[in-house]
Amino acid sequence: MLPTVAEVLDLPELRQGKPRVVAGATGLDGRVRWAHVAELADIAALLNGGELVLTTGIALSDAPEALARYVDELAAVGAAGLIVELGRRWRDRLPSALVDAAHRHDLPLVALDVETRFVRVTEAVVARIRDAQLAELRTTQVIHEIFTDLTTAGAEPAEVLREAARLTERPVVLETMAHQVLAYDSAGADPVSLLSDWAERSRAAVQSGRTRYHPEQRWLTTVVGARGDDWGRLVLVSPTAPPHRHVVVAERAASALAVNRLAARDRESLERQTHRTLLTELLGGDADPADLAARAAGLGVALTGPLAGVAVRPRTTSAAAPALESQQALRDLSEAIASAARKAKLPALVGVVDDITVRALVVLPETGADAVLGQVAAEVRRSAPALPVVIAVGSAARSPGGARRTLSEAAQVAAAALHLADDRDVHRLDDVRLRGLLHLLRDDERVTAFVERELGALLDDRRLLDALRHFCDHGGNKSAAAAAAHLSRTAYYAQLARVEQLLGVSLGSPESVVSLHVALLARDLADPS
């Protein structure tokens with residue numbers, strides 16, 4: 001980093017001149033790009049900005065207006081400061097016109113009370129500048145190497161942002177072009193404060209060019225995208241104008257994110273990854289609800305009002321197709337659900353959280369929720385007609401704290417509904433009735449013991465189990481059950497007699513039939529095969 005005017009004044013070569021700041025002290029933190037000895041009244045025309053000008057003043061006029069014009073011109077070209085050695089032109093003080101002009105522009109004006117060898121000063125300043133430039137080059141090289149390694153390793157966005165926050169010690173946020181937060185690293189800051197009213201603040205930071213510093217928002221922003229497809233923006237929170245290395249970090253992080261996106265085109269979208277992370281944390285139950293609500297709000301999903309968990313399961317499982325094809329089907333299904341929610345104007349978090357289910361947390365309207373959910377279900381089925389699905393909804397929750405319950409309930413209903421012949425648009429807990437209850441209790445050891453006690457003698461005989469299942473499914477109507485089993489009545493009746501013999505029960509007893517039917521349902525839910 002280039003030295004400041006204050007740091008230059010602290011160099012031994014200048015300290016021996018006993019420097020005194022007589023004006024423009026507020027500009028001492030300005031950066032010095034070069035030191036220039038000039039005994040010309042019109043030197044400004046030869047400067048490029050950032051120079052510290054050293055002079056004895058012998059070429060300057062005594063006229064106040066000429067001295068004011070001299071300082072005005074230096075300030076106009078962005079000079080870092082003016083150092084005047086006393087003794088040759090002015091003996092013990094600088095003219096008030098020179099001082100007043102420097103005050104007006106906050107241009108550091110320094111008087112040297114002792115004769116100073118300017119050549120040594122310029123050598124020291126140039127050496128300091130070159131050291132700073134070399135250090136900057138080394139830092140830039142390290143930054144490039146870090147992000148190159150992340151890119152070649154296929155690092156996820158969270159890893160890229162974590163590294164950017166570490167290198168800058170500043171919060172970093174990745175957002176969509178619609179100002180929705182996809183990922184962030186707060187660098188130890190309060191995430192709720194960081195993401196509060198994000199979309200509104202982001203819209204105020206209008207982008208021009210690829211990278212820009214916004215002093216009003218105190219943000220450094222750079223566009224994320226490649227091959228003409230800009231899809232996001234990286235925001236580095238920067239209370240002051242960022243140094244060059246922070247700009248390099250932001251731009252290299254944006255490049256790594258863009259490459260990750262290109263490489264992940266055949267995987268789930270970045271938005272789905274972000275939603276999946278939030279849903280997983282909600283289901284885990286350990287995260288801070290306020291933090292999760294702030295992050296969801298940053299994604300444009302304000303978790304206020306009625307919340308409903310939704311679970312969508314394909315009726316075909318991964319056992320029926322290669323694992324990669326199954327996962328791709330779930331990813332396609334999650335995009336279809338997200339699209340359907342957008343069309344219905346329902347804010348929703350949607351993601352694949354396991355190998356069999358797409359989960360969603362939907363913010364419902366206060367009225368007409370059933371109709372809107374039916375509209376979403378119809379749109380999902382229309383978007384993926386080749387993939388039969390079960391869509392289940394949990395009972396409404398009124399706060400983010402209830403999200404885990406409604407999400408879990410929806411998944412339980414979906415699992416139970418897979419075994420129903422009822423192909424309604426949306427299933428709820430009331431719809432799955434006894435199957436829903438048994439599904440909730442399927443891991444209870446008392447239910448397992450009940451199944452073994454009721455069906456123990458038949459558990460290794462699939463033929464007799466199927467005969468009993470047909471009998472129960474048809475309400476004890478033996479003729480209908482025989483037809484469903486594709487057996488003659490004589491053969492089927494013989495199987496039922498064998499069931500009664502092995503179990504020691506009468507199938508003419510309604511209580512026995514109910515007990516056996518419940519045991520069959522519980523077994524099927526525990527072992528769908």
Side-chain angles (χ1 to χ4, degrees), residues 155-162 164-165 170-186 191-192 194-212 214 217 219-237 250-281 291-303 331-332 334-352 358 360-363:
E156 294 293 327
E159 297 176 76
V160 176
L161 296 187
R162 189 182 309 120
R170 297 281 187 271
V172 187
V173 179
L174 174 64
E175 64 171 7
T176 67
M177 286 302 195
H179 311 291
Q180 295 180 348
V181 177
L182 291 172
Y184 75 93
D185 191 299
S186 65
V192 176
L194 173 66
L195 301 179
S196 177
D197 299 322
W198 180 267
E200 181 180 350
R201 288 188 290 142
S202 178
R203 277 190 287 269
V206 179
Q207 192 73 26
S208 60
R210 301 295 294 182
T211 302
R212 181 186 176 189
H214 307 264
Q217 288 77 23
W219 285 1
L220 172 68
T221 61
T222 188
V223 176
V224 182
R227 299 179 182 173
D229 179 19
D230 295 335
W231 52 266
R233 191 166 69 159
L234 189 70
V235 178
L236 177 70
V237 178
E251 292 180 340
R252 289 295 285 119
S255 296
L257 291 166
V259 172
N260 171 274
R261 169 84 166 225
L262 289 173
R265 286 293 174 93
D266 60 338
R267 303 199 303 269
E268 69 182 321
S269 72
L270 189 53
E271 183 179 17
R272 295 282 74 74
Q273 290 179 35
T274 307
H275 285 212
R276 170 169 52 82
T277 299
L278 277 177
L279 288 168
T280 301
E281 293 183 25
D291 175 37
L292 292 175
R295 290 160 60 189
L299 284 164
V301 184
L303 300 182
R331 288 194 288 268
D332 292 344
S334 70
E335 294 292 353
I337 295 167
S339 175
R342 282 193 295 270
K343 287 184 179 180
K345 297 183 179 179
L346 283 183
L349 299 173
V350 184
V352 181
V358 179
L361 183 64
V362 178
V363 183

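Just so it is clear, the values below take in all heavy atoms, side chains as well, and ignore hydrogens, waters and symmetry mates.
A donor-acceptor pair is defined here as one N or O able to donate and one able to accept, closer than 3.5 Å; such a pair exists between the side chain of Ser334 and the backbone of Arg331. One N or O on the side chain of Thr280 and one on the backbone of Arg276 form a donor-acceptor pair closer than 3.5 Å. A side-chain donor-acceptor contact under 3.5 Å links Glu159 to the backbone of Glu156.
By the 4.5 Å heavy-atom criterion applied to side chains, Leu303 and Leu292 are not counted as neighbours. No side-chain heavy atom of Arg295 sits less than 4.5 Å from a side-chain heavy atom of Val181. Put simply, the side chain of His179 reaches to within 4.5 Å of the side chain of Arg233, judged on heavy atoms.
Nearest heavy atoms, Asp185 versus Ala165: OD1-CB, 3.6 Å. The minimum heavy-atom distance between Glu251 and Thr222, with the atom names listed, is CG-OG1, 3.9 Å. Nearest approach of Ser186 to Pro171, heavy atoms of both residues: O-CG, 3.4 Å.
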(message) Let's go through Val223 and Met177 carefully: what are the C-alpha distance in whole Å and the side-chain angles of both, what is the deciding distance for side chain to side chain contact (heavy atoms under 4.5 Å, CB included) to 0.1 Å, and is it a yes or a no?
(response) CA-CA 9 Å; Val223 176; Met177 286 302 195; 3.8 Å; yes

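Each of Arg212, Glu175, Arg210, Gln207 was scored for a side chain to side chain donor-acceptor pair (under 3.5 Å) with Thr221, with one residue passing: Gln207.
Note that CZ of Arg203 is 10.0 Å distant from CG of Asp197, once rounded to the nearest 0.5 Å.
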